[in-house]
2 protein chains.
Amino acid sequence: MGTAERKIKEKEELRELILKSARKLFVENGVAQTTIRSIAKNIDYSIGTVYLYFKDKNAILNELHTQGFSELGRQFKVLAEVEDPMERLIAMGRIYLRFAVENPEMYELMFTLKAPMEVLNEAKDKEWNEGQSAFGVLKTTVDQCMARKHFQGHRLEPLTFMIWGLVHGMCSLHISDRANGVKLHDAAGIVQAGYEEFLKILKKL
Amino acid sequence: MGTAERKIKEKEELRELILKSARKLFVENGVAQTTIRSIAKNIDYSIGTVYLYFKDKNAILNELHTQGFSELGRQFKVLAEVEDPMERLIAMGRIYLRFAVENPEMYELMFTLKAPMEVLNEAKDKEWNEGQSAFGVLKTTVDQCMARKHFQGHRLEPLTFMIWGLVHGMCSLHISDRANGVKLHDAAGIVQAGYEEFLKILKKL
DNA sequence: CAAATTAAATGAACATTGTTCATTTATGCA
DNA sequence: TGCATAAATGAACAATGTTCATTTAATTTG
């Protein structure tokens, strides 16, 4: 069945095209400003066609949110070369920060917006795998740091959450425009500067 | 002119009524689910009346966002009694965390949602006073800690931003439903637990 | 106090959105 | 070529933010 295979491939290609278009518009104009109509228009298909490939707008958001985690994970790949877990932890934070600052719309989709998570809420027993595995990677690294006698007296899970929160919080304040009041630095600079302070603390732990 | 005064007061009262209704609906059903229509219906006025008192929906969001800062500021009042700046810093964090966990919708309005900030973007040279003064309070406390030889080798502004980010980040992850994957604790518990880890670190600085 | 003027309130109407679905068009097969 | 299936369409609906001509109420004035 050569034709059947081709059709499946074609369907997959259109699906990808929709996602690509959606993403482009998100990045250019923001998630809120991107409508199903604008996505459809962008690829010269009708509104209805988009709904043939995605249940609703949230499904698109969720898919892109997953793509975001794939990309962040890809950027994390270089960390495998870093032997020392503490160094790896530090490098991981840097990559995370850079990703957030360079891809604010994607970051919002991944860590802030409720919409992409509603897909999970609808289907019972669905879990946020992306987040859990990302958290798992961080936790493993922190655990390895602890094995080397760092973070003595700390509890693994809450400490990991705190570190995640620290990095996420600075990104989040920056992206939601709340870090503007801190004027001594350019918008993205304060995030980096804040991280440097964290590193000074890390050295002591 | 007694009548003129009364009219001004009446106008102010209806304005407050709209805000009160809006806030009630926000807290009950979430910001996204609260429409101008539902606000109007809730107080038995027409849609148009709401627009007589507020330019648009963002103006209502902005006003409530400001109310949120007033309330958080009120809760911070007890901190005046805490002499030691480090203790004060710790207590401030606790109050902040509790406020966020107890008032998630308000917190989102204050620190996450873009809409209430758009009011500022429209009018040039307007600043985010609420955020800046809140940041200022935190900065002053950190500065006093530094005067007592804590945080040696750190820079005031970036360190303050880092601490704010740390606390905000955990709240933000919790509220946006991203802390669910961390299963060993109940939803709000992980935020507290994370903060405890931060305190362990603080003791050493 | 009645008429006129001003202020306040109304809700129909519009534009924009997400979403659905009966209809049309294209495609693959006998 | 005709038929059955798949894909695509876009009109139409409901919900939303917003506007504005009209109505209603209140106040002032002669």
Side-chain angles (χ1 to χ4, degrees), chain A residues 1-19 21-22 25-26 28-64 109 113-119 121-122, chain B residues 1-19 21-22 25-26 28-64 109 113-119 121-122:
Chain A
M1 280 279 185
T3 53
E5 278 173 39
R6 196 202 52 200
K7 293 203 78 176
I8 288 170
K9 211 179 100 186
E10 274 175 8
K11 281 208 75 166
E12 187 52 37
E13 274 169 9
L14 183 43
R15 199 186 139 85
E16 294 299 330
L17 187 61
I18 292 168
L19 285 172
S21 164
L25 294 170
F26 283 161
E28 279 176 9
N29 314 324
V31 173
Q33 312 304 323
T34 304
T35 67
I36 302 287
R37 279 171 180 78
S38 70
I39 295 169
K41 193 169 205 172
N42 186 249
I43 56 175
D44 282 313
Y45 277 88
S46 71
I47 304 158
T49 302
V50 176
Y51 280 91
L52 242 43
Y53 290 81
F54 293 93
K55 184 182 156 288
D56 54 24
K57 196 181 180 182
N58 283 351
I60 300 178
L61 296 177
N62 182 269
E63 189 88 19
L64 290 178
L109 230 39
L113 295 182
K114 297 252 178 80
M117 303 295 278
E118 270 159 30
V119 174
N121 298 341
E122 281 164 19
Chain B
M1 279 281 184
T3 53
E5 278 173 36
R6 197 202 53 200
K7 293 204 75 176
I8 289 170
K9 212 179 99 187
E10 275 175 8
K11 281 207 75 166
E12 187 51 38
E13 274 168 9
L14 183 44
R15 200 186 138 85
E16 293 300 330
L17 187 63
I18 292 168
L19 285 172
S21 164
L25 294 169
F26 283 162
E28 278 175 10
N29 315 324
V31 174
Q33 311 305 321
T34 304
T35 67
I36 302 286
R37 279 170 181 77
S38 69
I39 295 170
K41 194 170 205 171
N42 186 249
I43 56 174
D44 282 315
Y45 276 89
S46 71
I47 305 159
T49 302
V50 175
Y51 279 92
L52 242 42
Y53 290 81
F54 293 94
K55 185 180 156 289
D56 54 22
K57 197 181 180 183
N58 283 351
I60 299 178
L61 296 176
N62 181 269
E63 188 89 19
L64 290 178
L109 228 39
L113 295 182
K114 297 252 179 79
M117 302 296 278
E118 270 159 30
V119 174
N121 297 341
E122 282 165 19

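All values below come from the heavy atoms of this structure, side chains included, with hydrogens, waters and symmetry mates left out. Numbers restart at 1 for each chain; the letters A, B, ... are given by sequence-line order, proteins then strands. Since we're looking at a predicted model, the values are computed, not measured.
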Nearest-Å distance, [atom1] ([X]) to [atom2] ([N])?
X: Glu118(B); N: dG17(D); atom1: CD; atom2: C1'; result: 13 Å
X: Ile47(B); N: dT19(D); atom1: CD1; atom2: P; result: 13 Å
X: Asn58(B); N: dT18(D); atom1: CG; atom2: P; result: 7 Å
X: Asn29(B); N: dT16(D); atom1: CG; atom2: P; result: 11 Å
X: Lys41(A); N: dT16(C); atom1: NZ; atom2: P; result: 11 Å
X: Ile36(B); N: dT16(C); atom1: CD1; atom2: P; result: 18 Å
X: Lys57(B); N: dT17(C); atom1: NZ; atom2: C1'; result: 13 Å
X: Lys11(B); N: dA9(C); atom1: NZ; atom2: C1'; result: 11 Å

- Task: Could you point out which residue of Glu122(B), Glu118(B), Glu63(B) forms a side chain to side chain donor-acceptor pair (under 3.5 Å) with Asn58(B)?
- Result: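 In the set Glu122(B), Glu118(B), Glu63(B), the residue that makes a side chain to side chain donor-acceptor pair (under 3.5 Å) with Asn58(B) is Glu118(B).
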
- Where the side chain of Tyr51(A) is defined as all heavy atoms beyond and including C-beta, which of dT10(C), dT18(D), dG18(C) is the nearest nucleotide?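 Nearest to the side-chain atoms of Tyr51(A), counting from C-beta on, is dG18(C).
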
Does a side-chain N or O from [X] land closer than 4.0 Å to OP1 or OP2 of [N], or not?
X: Tyr53(A); N: dA7(D); result: no
X: Thr49(B); N: dT10(C); result: yes
X: Tyr45(A); N: dG10(D); result: no

- Query: Can you tell me how far CG of Leu109(A) sits from CG of Leu64(A), rounded to the nearest 0.5 angstrom?
  - Reply: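 Separation between the atoms: 6.0 Å.
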
- Message: Using a heavy-atom cut-off of 4.0 Å across all strands, would you classify Leu14(A) as base, sugar-phosphate, or nothing?
- Response: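 If one applies the 4.0 Å heavy-atom cut-off, Leu14(A) turns out to touch the sugar-phosphate alone, with no base involved.
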
- Task: Would you indicate what Ile60(A) reaches in the nucleic acid, counting non-hydrogen atoms under 4.0 angstrom: base, sugar-phosphate, or nothing?
- Result: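 Ile60(A): no heavy atom of the nucleic acid under 4.0 Å.
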
- Task: Pick out which of Leu17(B), Thr34(B), Leu19(B) makes a side chain to side chain contact (heavy atoms under 4.5 Å, CB included) with Ile39(B).
- Result: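 Considering Leu17(B), Thr34(B), Leu19(B), a side chain to side chain contact (heavy atoms under 4.5 Å, CB included) with Ile39(B) is found only for Thr34(B).
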
- Task: Report the residue (Arg37(B) or Gly48(B)) whose heavy-atom-nearest nucleotide on DNA chain D is the more 5′ of the two.
- Result: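 Upstream on the strand: Arg37(B).
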
- Message: To check you understand the geometry: which heavy-atom pair defines the closest contact between Asn42(A) and Ser21(A), and what is its length?
- Response: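 Minimum heavy-atom separation between Asn42(A) and Ser21(A): OD1-OG, 2.9 Å.
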
- Which heavy-atom pair separates Phe54(B) from Arg15(B) by the least distance, and what is that distance?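 Looking at all heavy atoms of both residues, the closest pair is CE2-NH1, 3.5 Å.
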
- Query: So which one's nearest nucleotide on DNA chain C is more toward 5', Leu52(A) or Thr34(A)?
  - Reply: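 Whichever sits nearer the 5' end wins; that is Thr34(A).
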
